[in-house]
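The structure appears right after this line, and notes come after that.
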Amino acid sequence: MSVSSELNALQRNAGSKAQAPFDDLPGFDTMLARLSARLITLRPAEVDTAIDAAFGSIVEALDVDRCALLRLDPDGRSFTRVSIFTRDGMRTAPLNERVFGYPWCIERINRGQAVIFSSADELPPEAHVDKASFKRAGSQSMASIPLVVAGEIYGTLNFLCLDRRREWSEELLVRVRLVAEILGNTIARKHVQEENQRLLAFEKILVEVAASLISLADADVDPAVTNGLRRMAEFLHAERATLWNFERGSDDLLPSHCWRSARVPAPARVHARALPFLSARLKAGSVARIDGLADPSASADSHDRDTLRALGSVSLLALPLMVGGVVVGAITLDTVQTRRAWPEALEPRVRLLGEVFATALARQQAERSMREAQAEAAQHRERLAHVARLHTVGEMSAGITHEISQPLVAIENYALAARRHAAAGPAGNHAKVCELLDKIAAQSSRAGAVMRKLRTMVRRHELDMKRVRIDQIVDESLRFAQMEGHLHDVAVALRMASGLPDVVADDIQIQQVIVNLVRNASDAMGALPGAGTKDLIIDVGVLGEAQVFVRIEDTGAGFGEGALERIFEPFFTTKSAGLGVGLSLCRAIVEAHGGRVHGRPRPAGGAIFEFTLPIAEESER
Ligand code: ADP
C-alpha cells in the first residue's frame with residue numbers, strides 16, 4: 001500500500017471512529033508533516049545529519065526507546081548501523097558497526113517483509129539465532145520495516161523498546177511504515193543526486209581531458225593520455241588504468257599506456273588465448289566486468305582468471321575501444337588489493353574517455369605517418385629539384401663561361417698593366433700599382449661570387465626552412481638568370497613594394513622557382529619571330545593579410561592551343577630541348593611551402609605567372 005492510500009485509509013478509519021486520528025500519540029502527524037517537509041528540500045550532503053536529527057523527534061513522537069537505520073551489506077549477510085538515536089539515559093549501540101546474528105530477520109527484510117514483535121519470545125523456532133541475539137542486546141519489542149530505495153531493499157528502519165514491552169497496533173504500524181517510506185524516498189533522492197553529482201564530476205574530467213588532448217604536439221600526447229588515465233583511475237578508486245591495443249594478426253593485447261598507483265605492477269602483453277572470455281567480449285564490442293576474482297559467480301573463464309591473477313588483478317572493468325566503428329583495443333580499470341564493484345552508470349563515460357584517448361593516439365599515429373610521407377616527398381622533390389638545377393646549369397654553361405671569363409680577362413689585363421708600371425721604376429708608380437691591384441681583387445671576388453652561386457645550385461641540400469626576405473631572393477634569382485645571357489636584350493622592370501614582410505622558406509628552392517619562371521619567360525620571348533620588344537615585368541607585393549606574391553609577366557608568344565591546361569603536368573613541354581619538369585617542380589615547391597602558383601595569358605599578349613607564399617607568423621618572426 002502506498003503512503004497516500006495508507007493515509008487515506010487511516011483518515012477513513014479516523015473519520016468513522018473519532019475526530020482525532022491517533023489519540024495515543026498526540027503530535028505525531030504534525031511531526032511527520034514537518035519531517036517530510038524538511039527532508040524534501042535537503043541537499044545530499046545534509047541528508048545524513050537531517051536523518052540523525054529527525055530520529056530524536058521520531059523516538060519522541062512514537063514513544064519508543066531507539067530508532068536505528070541499518071544498511072544491508074553488499075554480501076547480503078549482515079547490516080551496518082548507519083544512523084541511530086537512543087533515548088537519553090538508555091544504553092546505545094555504536095554507529096557504523098557491522099551487525100551480525102540476525103539471519104532470519106535479514107532473510108525477511110531481503111524479501112521486503114517487516115519483523116514485528118512485542119517480545120522476542122514471539123519469534124518462531126527457526127529464528128532461534130535471532131532470538132538469542134535480541135535477548136543478548138536487551139531488545140524486547142521491535143518493529144523492523146524494510147527500507148526500499150529506488151526499488152531495491154536498502155536496509156531496515158528499526159524502532160525498538162529496550163526494557164519494556166510495546167504493543168504495535170495497526171495504526172502505529174501505519175505510521176511507522178510512513179516514516180520508513182519518507183526516509184526511503186529521502187535516501188533515494190540523495191543517491192540520485194549523489195549519482196548525478198558523480199556523473200557531472202566525471203563529465204568534467206572527461207571534458208578537461210578531451211580538451212587537453214586537442215591540438216597537442218606529437219610528443220605531448222603520450223604524457224597527456226597517461227595523465228588522463230590517472231585522473232579517471234583516481235576518480236573511480238582504481239589502482240591501475242591501462243590502454244590496450246589488439247595486435248594485428250595475433251589479437252594479443254598489448255599495453256600502450258598505463259597509470260598505476262605505487263607498488264602496483266605494470267601490465268604486460270596478454271596472449272589472446274590466455275583471455276578467451278574477456279577478449280571475445282571485447283572483440284564483440286561488449287563490456288566485461290569482474291567484481292572480485294574469488295567470487296564464483298564472476299563470469300570469467302578459468303583461463304581468464306589465471307591470467308588476471310598473474311596480472312595481479314582482483315576486480316576488473318574492461319571496455320572495448322572503437323575507432324571508426326572498429327574495435328582497436330580496450331581500456332581496463334582494475335584493483336590489485338581491494339575487491340570492488342564498478343559503477344555501471346559511469347560505463348558509457350569511461351568508454352567515451354577511452355575513445356577520446358584512442359582517437360588522440362590514432363591522430364598522433366596518422367600525423368607521424370603523414371610527416372614521414374611528407375619528409376619522403378620533400379626528399380624526392382629535392383632530388384628532382386637538384387637534377388633540374390644541374391640541367392639549368394648545363395644549359396647556362398655558355399653564360400657562365402662568359403660570367404667567369406670576363407673577370408679573368410680583366411684580371412689578366414690589370415696584372416699586365418701593374419707589371420708594366422712596377423717595371424718602369426718606383427717613382428710615382430706606387431699609387432697606380434695599388435689601384436690596379438685593388439681592381440684585380442674586385443674582379444676576382446666577382447668571379448668567386450659566380451663560382452659560389454654555381455656551387456649552391458649544383459650541390460644537393462637538405463630542405464632548410466627559415467625566415468627569409470622575399471625581395472632578396474628575387475634579386476639574387478634575377479642576378480643568376482642574368483648570367484644566362486638571355487636577359488641581355490630584355491627590358492626588366494622590377495617593382496617591389498616597400499616594407500615587404502618575411503616569409504618562411506627554403507631560399508634555394510624559391511630561387512629555383514623564380515629562375516625557372518624567368519627562363520620560361522625569356523624562352524617565350526625568344527621564340528617570337530622578329531625583333532619585338534621584350535619586356536619582363538616582375539611585381540612583388542602583399543596579397544590580403546597573410547600572403548606575399550611574386551608575379552612575372554612577359555611579352556612572349558603566350559600559350560599555344562590547349563597548352564595552358566597542361567603546362568603544370570610533369571614532362572609537358574612545347575620546346576624541342578625542353579624537359580617539361582620546370583613548372584611541375586615549381587608547383588610542388590610552392591605548394592610544399594603552403595603557397596599557390598598559376599599561369600594565365602597576358603591580355604596584351606604574353607604570359608603571366610604568379611605564385612604566393614604565406615607570410616611568416618608572429619611566432620616565427
Ligand atoms: P620546359 O620549360 O622544359 O618546357 P616547363 O615545365 O617549365 O618545362 O614548361 C612547360 C611548358 O609550359 C613549356 O614548354 C611552355 O609550353 C609552357 N610555358 C611555360 N612558361 C611559359 C611562358 N612564360 N609563356 C608561354 N608558355 C610557357
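In listed order, ligands and their atoms are each counted from 1. Any value given below was found using the heavy atoms of this structure, including those in side chains, with hydrogens, waters and symmetry copies removed.
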Only counting residues at least two apart or in another chain, list the ones meeting salt bridge (Lys or Arg N to Asp or Glu O under 4.0 Å) with D507. K466

Do N520 and K575 meet the criterion of a side-chain donor-acceptor pair at a distance under 3.5 Å? yes

Would you say A524 has any N or O atom under 3.5 Å from an N or O of ligand 1, going by distance alone? no

For ligand 1 and L579, I'd like to know whether there is a polar contact (N/O to N/O, distance under 3.5 Å). yes

Should G558 be listed as contacting ligand 1, given a heavy-atom distance under 4.0 Å as the test? yes

May I ask whether G580 has any heavy atom positioned less than 4.0 angstrom from an atom of ligand 1? yes

Numbering as shown, the atoms of ligand 1 that approach G578 to under 4.0 Å (heavy-atom distance): 3 (O)

Should you measure from each heavy atom of A607, which atoms of ligand 1 turn up under 4.0 Å away? 22 (C), 23 (N), 24 (N)

Does NE2 in H386 sit with more than 12 non-hydrogen atoms of other residues, nucleotides or ligands closer than 6.0 Å? yes

Counting from 1 in the order shown, the ligand 1 atoms closer than 4.0 Å to a non-hydrogen atom of L583 are 5 (P), 6 (O), 7 (O), 9 (O), 12 (O), 19 (C)

Identify all side-chain donor-acceptor contacts of residues 595-605 below 3.5 Å with residues at least two apart in sequence or on another chain.
| unit_1 | atom_1 | unit_2 | atom_2 | d |
| --- | --- | --- | --- | --- |
| R596 | NH1 | E591 | OE2 | 3.2 |
| H598 | NE2 | R600 | NH1 | 2.8 |
| R602 | NE | E553 | OE1 | 3.0 |
| R602 | NH1 | G605 | O | 2.9 |

T332 and W244: side-chain donor and acceptor closer than 3.5 Å? yes

Considering V581, T574, I567 one by one, which has a heavy atom nearer to atom 12 (O) of ligand 1 than any of the others? I567

Please classify the D554 to ligand 1 contact at 4.0 Å (heavy-atom distances, strictly less than): side chain, backbone, both or neither. side chain

R240 side chain to P265 backbone, donor-acceptor under 3.5 Å: yes

Atoms of ligand 1 less than 4.0 Å from F572 heavy atoms? 10 (C), 11 (C)

Can a non-hydrogen atom of F609 be found less than 4.0 Å from any atom of ligand 1? yes

At under 4.0 Å between heavy atoms, which part of N516 makes contact with ligand 1: side chain, backbone, both or neither? side chain

Atoms in ligand 1 flagged as close to F559, the criterion being non-hydrogen separation under 4.0 Å: 25 (C), 26 (N), 27 (C)

Within the 6.0 Å centroid threshold, strictly below: F235 and F202: yes

Strictly under 6.0 Å, is that where the ring centroids of F572 and F559 end up? no

Cationic N near anionic O, under 4.0 Å, D502 to R469: no

